[in-house]
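Notes follow the structure.
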Number of protein chains: 2
Amino acid sequence: MLHALSDPMRLQIVRFLWPLEQDEEAPCSAIDLAITKSTTTHHFRVLREAGVIRQVYRGTAKMNALRRGDLDALFPGLLDAILTADAARRGREDRLARSPA
Amino acid sequence: MLHALSDPMRLQIVRFLWPLEQDEEAPCSAIDLAITKSTTTHHFRVLREAGVIRQVYRGTAKMNALRRGDLDALFPGLLDAILTADAARRGREDRLARSPA
DNA sequence: ACGTTCATACGATAAACGACGTACTACGAT
DNA sequence: ATCGTAGTACGTCGTTTATCGTATGAACGT
């Protein structure tokens, strides 16, 4: 589980899925990752097998959603802490990259 | 950082260091890990390079301590959430292993 | 029926990782 | 001076991992 979230790409996926409302879903293709489709499939599979997301076929597309409830039951506060920390970290890096005077 | 904590051995080290008071320290050898000394060194190095622990030589022994302050500043609540979740997970597994009637 | 789109499956490959053993250094005790 | 102890450095080995390309399958639109 921690391993599943310790990859930048996967964390980006989770970050993308995070603001969705309960039972709201997004197809895999909604996220623009700098990797090929097959690698994307791989990461989604890792997340699914770690219990982080659930995937359902809706006609032609495969919809994804975070398993917020289950995650908060098993790992209370974890996902929240990780995403908060990641947002802060990226904030720092952005500030660094812009090299303020 | 997440990667550093996503290994069972390293998590065990952090779990061991966790209950220590501020500025209390423990030598590497205080933890009984089911791995050789060289592998132990490797894991301690990963933790140190990830900023999770700090290591100081005290005479002949190398003392270790969690960098609680820095970690809570950079990743508020993360370590807490991880250790809580891990404790719960291990609790579940123990209960499963004992196979209650 | 045909092509398009979305996602998976199946290699292949290069890098990273965990684990080991051995050799080495630094310190303290005898 | 010698030995033991604690930890590191380095090389190796097998496994896992992230990435890719290509081929495949399922559903929709024309």
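Just so it is clear: chains get the letters A, B, ... in the order the sequence lines come, proteins before strands, and each one is counted from 1. Side chains included, hydrogens not; waters and symmetry mates left out as well; all remaining heavy atoms used. Since the model is a prediction, treat every value here as computed from it, not as a measurement.
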Nearest-neighbour nucleotide for the A/His43 side chain, C/dT8, D/dC20, D/dA18 considered:
D/dA18

Starting the side chain at C-beta, find the nucleotide from C/dC20, C/dA7, D/dG7 nearest to A/Ala61.
C/dA7

Which listed nucleotide (C/dC6, D/dA18, D/dG7) is nearest to the side chain of A/Ser29?
C/dC6

A/Val46 with A/Trp18, same ILVMFWY side-chain cluster at under 4.5 Å
no

Look at all strands and tell whether B/Tyr57 reaches a base, only sugar-phosphate, or nothing, counting heavy atoms closer than 4.0 Å.
sugar-phosphate

Atom pair distance, as rounded to whole Å: CG in A/Leu2 and C1' in C/dC17
17 Å

Atom pair distance, as rounded to whole Å: NZ in A/Lys37 and C1' in D/dA23
12 Å

Is the phosphate of C/dA7 approached by A/Thr41 (side-chain N or O, under 4.0 Å from OP1 or OP2)?
no

Provide the closest heavy-atom pair for B/Ala81 versus A/Pro76 in the form atom of the first, atom of the second, distance.
CB-O, 4.0 Å

Between C/dG18 atom P and B/Leu33 atom CG, what is the distance in whole Å?
13 Å

Could you check how far CG of B/Leu47 sits from P of C/dG18, rounded to whole Å?
10 Å

Separation of atom CD1 in B/Ile35 from atom P in C/dA19, rounded to whole Å
6 Å

Below 4.0 angstrom from OP1 or OP2 of C/dC20, is there any side-chain N or O of B/Thr39?
yes

Heavy atoms of B/Leu20 and B/Glu25 approach each other most closely as CD1-C, 4.1 Å

From D/dT19, D/dA9, D/dG7, nucleotide with atom closest to B/Arg45 side chain
D/dA9

Could you tell me, to 10°, how much the axis swings from one end of the helix from C/dA1-D/dT30 to C/dT30-D/dA1 to the other, five pairs per end?
10°

Tell me the closest heavy-atom pair linking B/Val52 and B/Leu71, and the distance in Å.
O-CD1, 3.6 Å

Nearest-Å distance for atom pair NE2/P, residues B/His3 and D/dT16:
15 Å

Please determine if B/Arg90 and B/Asp94 form a salt bridge, counting it only when a charged side-chain N lies under 4.0 Å from a carboxylate O.
no

Once you round it to whole Å, what is the distance between C1' of C/dG18 and CD of B/Gln12?
15 Å

Judged by nearest nucleotide, the residue sitting upstream toward the 5' end of DNA chain D, A/Ser38 or A/Asp7, is A/Asp7

Tell me whether B/Leu2 shares a hydrophobic cluster with A/Leu83, the cluster being built from Ile, Leu, Val, Met, Phe, Trp, Tyr side chains joined at under 4.5 Å.
yes

Measure from the side-chain heavy atoms of B/Cys28 and tell me the nearest of D/dG7, C/dG21, C/dA7.
D/dG7

By the 4.0 Å heavy-atom rule, please label A/His42 as base, sugar-phosphate, or nothing.
base

Residues in salt bridge (Lys or Arg N to Asp or Glu O under 4.0 Å) with B/Asp7, at least two apart?
none

Contact class for B/Arg10 vs. all strands (heavy atom < 4.0 Å): base, sugar-phosphate, or nothing?
sugar-phosphate

Between atom CE in B/Met63 and atom P in C/dC27, what is the gap in whole Å?
16 Å

